[in-house]
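Report on one structure; see the data block that follows.
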Amino acid sequence: MHINKTVIITGASSGMGKAIAQALVEAGANVVINARSKEKLEAFIAANQAYADQIRTVVGDISQPSTGKALQQTALEAFGAIDVLINNAGTFVPKPFLEVTEDELDGYYGTTVKGSFMTAQAVIPAMQNQGGGSIINIGSMWVENPIEVTPAAASQVAKGAMHTLTRHLAIEFAKDNIRVNTIAPAVIDTPLYDQLMDKEKLQQLAGLHPLRKLGQLEDIIAWVLHLIGTGGNFVTGQTLFVDGGITAGSHA
Ligand SMILES: NC(=O)c1ccc[n+]([C@@H]2O[C@H](COP(=O)([O-])OP(=O)(O)OC[C@H]3O[C@@H](n4cnc5c(N)ncnc54)[C@H](OP(=O)(O)O)[C@@H]3O)[C@@H](O)[C@H]2O)c1
């Protein structure tokens with residue numbers, strides 16, 4: 001499949017964002033990738049010299065509105081279009097509610113709520129001018145289905161706001177042919193878990209899912225490609241749970 005689009009991806013130095021960027025450049029898309037780590041973004045370019053013309057980077061914290069504006073300017077200057085925004089930057093550190101600090105709550109709010117909100121605000125005028133676009137918010141299964149062994153109120157109130165943002169933008173900008181959807185993963189095997197647990201403990205989380213396995217990067221990439229391709233033409237305002245069956249019901 002050849003993808004002739006320009007795609008902005010936040011949080012693309014690791015995990016899902018990086019894997020989505022890799023799949024997109026290999027399919028022919030232009031990508032503007034963001035993260036706070038300059039070194040990791042440079043490493044992505046170094047590993048993709050064959051696609052260097054298709055890649056631009058914006059280093060910065062996505063909670064700062066200037067980062068969203070820089071992503072918009074870079075995409076328009078380099079590629080003359082913004083077809084897709086993927087609000088992916090974020091993290092997930094399970095922590096009991098009574099132990100969450102104000103700084104941690106502010107961190108989730110800044111990256112997830114303010115970051116996705118202000119970045120969408122920066123790019124939507126360009127999408128309106130060009131007659132349409134697609135926004136994908138990477139939300140979370142935990143918004144709908146809290147799990148006792150992974151207490152996550154702080155990160156999930158922020159992800160919940162992102163799910164709400166999806167529906168509001170979908171309705172407000174449907175008339176402009178801008179589609180807005182959420183992909184809500186359960187446990188996907190990414191470097192996010194490296195700081196939290198060893199591989200053996202991560203594998204045990206497979207049992208949380210009725211399908212009794214962890215999600216893989218390919219499972220997310222497939223939905224992204226579907227949503228930004230013709231498969232997504234008549235889909236907006238939806239939350240697509242890529243969750244091994246968790247939100248369908250309990251298997252325990
Ligand atoms: N993996 C899962 O099981 C899972 C489940 C549900 C939802 N999610 C969500 O999926 C998204 C991707 O997660 P992942 O598993 O791929 O994690 P990851 O491997 O840790 O990657 C997270 C990315 O976000 C970037 N980032 C974090 N805060 C940022 C900020 N303030 N500004 C700019 N970039 C920022 C990180 O880069 P820098 O550190 O260089 O900035 C990194 O590139 C996250 O939003 C996460 O909450 C993941």
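Remember, it's 1-based here, ligands and their atoms both numbered in the order they're listed.
If you check which protein heavy atom lies closest to atom 31 (N) of ligand 1, you get Asp61 OD1, 2.9 Å. Regarding atom 42 (C) of ligand 1, its nearest protein heavy-atom neighbour is Ser13 OG, 3.6 Å. Distance from atom 4 (C) of ligand 1 to its nearest protein heavy atom, with residue and atom name: Met16 CE, 3.6 Å. For atom 19 (O) of ligand 1, the closest heavy atom belonging to the protein is Ser14 OG, 2.6 Å. Ranking the protein heavy atoms by distance from atom 35 (C) of ligand 1 puts Ala89 CB, 3.6 Å first. Here the protein heavy atom with the shortest distance to atom 7 (C) of ligand 1 is Gly139 O, 3.3 Å. Scanning all protein heavy atoms for the shortest distance to atom 27 (C) of ligand 1 gives Arg36 NH2, 3.3 Å. From the protein, the heavy atom lying nearest to atom 3 (O) of ligand 1 is Tyr193 OH, 2.6 Å.
Although no hydrogens or angles enter the test, the distance criterion places a donor-acceptor pair under 3.5 Å between the side chain of Asn48 and the main chain of Phe44. Checked by atom type and distance alone, the side chain of Arg179 never pairs as donor or acceptor with a backbone atom of Ile135 at under 3.5 Å. A donor-acceptor contact shorter than 3.5 Å links the side chain of His209 to the backbone of Val187. Using a distance-only test at 3.5 Å, with no hydrogens or angles considered, no donor-acceptor pair links the side chain of Asn137 to the main chain of Ser116. Of the possible polar contacts, one joining the Asn177 side chain to the Gly131 backbone as a donor-acceptor pair under 3.5 Å is found. In this structure, Thr182 contributes its side chain and Ala184 its backbone to no donor-acceptor pair below 3.5 Å. Between the side chain of Arg212 and the backbone N or O of Gly207, no donor-acceptor pair lies under 3.5 Å.
Counting heavy atoms closer than 4.0 Å to ligand 1, residue Ala12 contributes backbone atoms (N, CA, C, O) but none from C-beta onward. Contacts between Leu192 and ligand 1 below 4.0 angstrom, taking non-hydrogen atoms only, involve backbone and side chain alike. Contact annotation for Asn88 and ligand 1: heavy atoms of both the backbone and the side chain come within less than 4.0 Å of the ligand. For Ser155, no heavy-atom contact with ligand 1 is shorter than 4.0 Å.
For the side-chain contact (heavy atoms from CB on, under 4.5 Å) test with Ile8, the passing option among Val84, Asn30, Val58, Val32 is Val32; the others fail.
By the 3.5 Å distance cut-off applied to N or O atoms, Gly11 is counted among the residues near ligand 1. Residue Ile62 places at least one N or O, backbone or side chain, under 3.5 Å from an N or O of ligand 1. Remark: ligand 1 and Lys40 share no N or O pair separated by less than 3.5 Å (distance only, no angle test). For Ala186, a nitrogen or oxygen atom sits less than 3.5 Å from a nitrogen or oxygen atom of ligand 1, counting backbone and side chain alike.
Residue Val187 approaches ligand 1 through these ligand atoms, each under 4.0 Å from one of its heavy atoms: 3 (O). Atom numbering of ligand 1 starts at 1 in the shown order; those under 4.0 Å from a heavy atom of Gly15 are 16 (O), 19 (O). Interface atoms of ligand 1 facing Thr91, defined by a heavy-atom separation under 4.0 Å, are 47 (O). For ligand 1 and Gly60, the ligand atoms under 4.0 Å from any heavy atom of the residue are 32 (N), 33 (C). Ligand-side atoms of ligand 1 in range of Asn34: 33 (C), 34 (N), range being under 4.0 angstrom from any heavy atom. Near Ser37, the atoms of ligand 1 lying under 4.0 angstrom from a non-hydrogen atom of the residue are 40 (O).
A side-chain donor-acceptor contact under 3.5 Å links Ser140 and Gln156. For the residue pair Trp142 / Ser155, no side-chain donor-acceptor distance below 3.5 Å is found, with atom types taken as modelled. Asn181 and Gln238 are not linked by any side-chain donor-acceptor pair at a separation below 3.5 angstrom, with hydrogens and angles left out of the test.
Within the 4.0 Å heavy-atom shell around ligand 1 one does not find Thr10. Not a single heavy atom of Lys18 sits under 4.0 Å from any atom of ligand 1.
The distance from atom CD1 of Ile228 to atom CG of Leu85, rounded to the nearest 0.5 Å, is 11.5 Å.
The side chain to side chain donor-acceptor pair (under 3.5 Å) check on Asn88 picks up nothing, with sequence neighbours excluded.
Distances from atom 1 (N) of ligand 1 to the heavy atoms of Leu196, Asn87, Ile188 put Ile188 nearest.
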Using a 3.5 Å cut-off and no angle test, enumerate the donor-acceptor pairs between side-chain atoms of residues 64-73 and protein atoms at least two apart in sequence or in another chain.
{"residue": "Thr67", "atom": "OG1", "partner": "Asp61", "partner atom": "O", "Å": "2.7"}
{"residue": "Thr67", "atom": "OG1", "partner": "Gln64", "partner atom": "O", "Å": "3.4"}

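Enclosure of atom CG in Asp198 by more than 12 non-hydrogen atoms of other residues, nucleotides or ligands within 6.0 angstrom is indicated.
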